[in-house]
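These numbers come from the heavy atoms of this one structure, side chains and all, not from hydrogens, waters or symmetry mates.
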Amino acid sequence: MSSAQPTRVVVLISGSGSNLQALIEGQQSGQLPIDIVAVISNRPAVRGLLRAEHAGIPAEVLDHTRYDSREAFDAALRERIDHYRPELVVLAGFMRILTPAFTRHYEGRMLNIHPSLLPKYQGLHTHQRVLEAGEKEHGVTVHFVTAELDGGPPAVQARIPVLADDDAESLAARVQRQEHVIYPLAVKWFAEGRLRMESGQALLNNEPLGPNGYLMDSTQS
């Protein structure tokens, strides 16, 4: 990637797009050397589409319910993404399980954010599951996407304590604040050529990252 040109990014969403907003603000402020060239949602009439519109970013809907199979939807989605020639695909609350063929096509250039300290609590309802398990800490992970659900190599994690009076809602809110910090950070590293995936492992500044990625402790959150 040329340092003279911003990295072309397509963002996939399914809902409100709060992480998309964090990326938009980073781009607008000049903190992120990226150009969000498109936002694609698999659900119509979600707030994230309005965020894109307000920022002047092309936005479109590819409704997954109109396709007969996961494979057919993924093939159509891949065609739409590739139309914009992105160097990075960012999943920002994109609530779809992707087929292996799709993930292989974007291997090493697709990031996701998951609200847990992976590899713990893959899948849904992470905040409630953390509380039910009596965990003392929780957090969020940005990782490269592979065919394994929430199983790609982590790039960066932020950790927060689980407080005695936390419920799933309060825990989710504090985790989300960390999402808006570490997702732009990971995207920035990728755009600067500092973060990459090689042989199934995440590397930062050419150094292999550990099984949890780059760790950011957020003990005051």
Side-chain angles (χ1 to χ4, degrees), residues 1 3 6-14 17-27 31-36 39 81 86-98 100 102-123 126 130 137-160 172 174-219 221:
M1 288 172 289
S3 60
T7 296
R8 295 175 63 85
V9 175
V10 167
V11 181
L12 306 185
I13 64 170
S14 295
S18 68
N19 278 302
L20 166 64
Q21 186 63 43
L23 296 175
I24 289 172
E25 291 172 4
Q27 174 182 307
Q31 295 298 307
L32 296 182
I34 63 172
D35 180 12
I36 303 174
V39 171
I81 293 171
E87 296 161 284
L88 177 65
V89 178
V90 172
L91 310 184
F94 187 63
M95 304 302 290
R96 294 284 298 172
I97 296 175
L98 299 167
F102 186 92
T103 58
R104 280 195 302 270
H105 181 67
Y106 297 106
E107 186 170 305
R109 54 192 182 107
M110 182 160 59
L111 293 173
N112 183 44
I113 193 162
H114 182 75
S116 81
L117 296 174
L118 292 174
K120 289 185 174 183
Y121 304 106
Q122 298 169 328
T126 61
V130 162
E137 65 176 7
H138 187 31
V140 58
T141 307
V142 176
H143 65 96
F144 283 97
V145 178
T146 64
E148 180 185 355
L149 177 64
D150 299 328
V156 57
Q157 282 187 344
R159 300 184 175 198
I160 63 169
R174 291 192 297 116
V175 167
Q176 189 177 69
R177 286 199 292 272
Q178 298 306 316
E179 292 179 21
H180 300 163
V181 173
I182 70 168
Y183 217 175
L185 179 62
V187 169
K188 180 180 181 180
W189 286 343
F190 185 94
E192 292 173 342
R194 298 172 58 196
L195 176 67
R196 71 181 196 278
M197 186 177 110
E198 187 175 286
S199 301
Q201 187 169 29
L203 285 78
L204 180 62
N205 299 328
N206 295 318
E207 294 292 332
L209 289 166
N212 301 107
Y214 182 91
L215 298 178
M216 294 184 63
D217 288 309
S218 306
T219 55
S221 299

If you round to the nearest 0.5 Å, how far is [atom2] of [Y] from [atom1] of [X]?
| X | Y | atom1 | atom2 | value |
| --- | --- | --- | --- | --- |
| Asn205 | Glu192 | CG | CD | 9.0 Å |
| Arg194 | Lys188 | CZ | NZ | 7.5 Å |
| Leu98 | Tyr106 | CG | OH | 10.0 Å |
| Ile34 | Thr7 | CD1 | OG1 | 8.0 Å |
| Trp189 | Leu111 | CH2 | CG | 11.5 Å |
| Asn19 | Tyr183 | CG | OH | 7.0 Å |

Go through Val142 and Ile113 one step at a time and tell me if the side chain to side chain contact (heavy atoms under 4.5 Å, CB included) criterion holds. CA-CA 4 Å; Val142 176; Ile113 193 162; 3.9 Å; yes
Under a 4.5 Å cut-off applied to non-hydrogen side-chain atoms, are [X] and [Y] in contact?
| X | Y | value |
| --- | --- | --- |
| Phe190 | Val9 | no |
| Met216 | Val181 | yes |
| Leu12 | Ile81 | yes |
| Pro119 | Asn212 | yes |
| Leu149 | Gln122 | no |
| Asp150 | His143 | yes |
| Pro184 | Leu23 | yes |
| His138 | Tyr121 | no |

Gln27 (side chain) donor-acceptor with Ile36 (main chain) under 3.5 angstrom: yes
Tell me whether Glu87 contacts the main-chain N or O of Arg109 through its side chain, where contact means a donor paired with an acceptor under 3.5 Å. no
The single option from Glu179, Arg177, His180 passing side chain to side chain donor-acceptor pair (under 3.5 Å) against Ser18: His180
Could you report the tightest heavy-atom contact between [X] and [Y], atom names first, then the distance?
| X | Y | answer |
| --- | --- | --- |
| Ser116 | Thr141 | O-OG1, 2.7 Å |
| Asp35 | Pro6 | N-CB, 3.9 Å |
| Leu203 | Gln201 | CD1-O, 3.3 Å |
| Ala202 | Pro153 | N-CB, 3.7 Å |
| Leu118 | Gln157 | O-NE2, 2.8 Å |
| Ala158 | Ile182 | CB-CG2, 3.8 Å |

Passes side chain to side chain contact (heavy atoms under 4.5 Å, CB included), Glu137 versus Val130? Steps please. CA-CA 8 Å; Glu137 65 176 7; Val130 162; over 6 Å; no
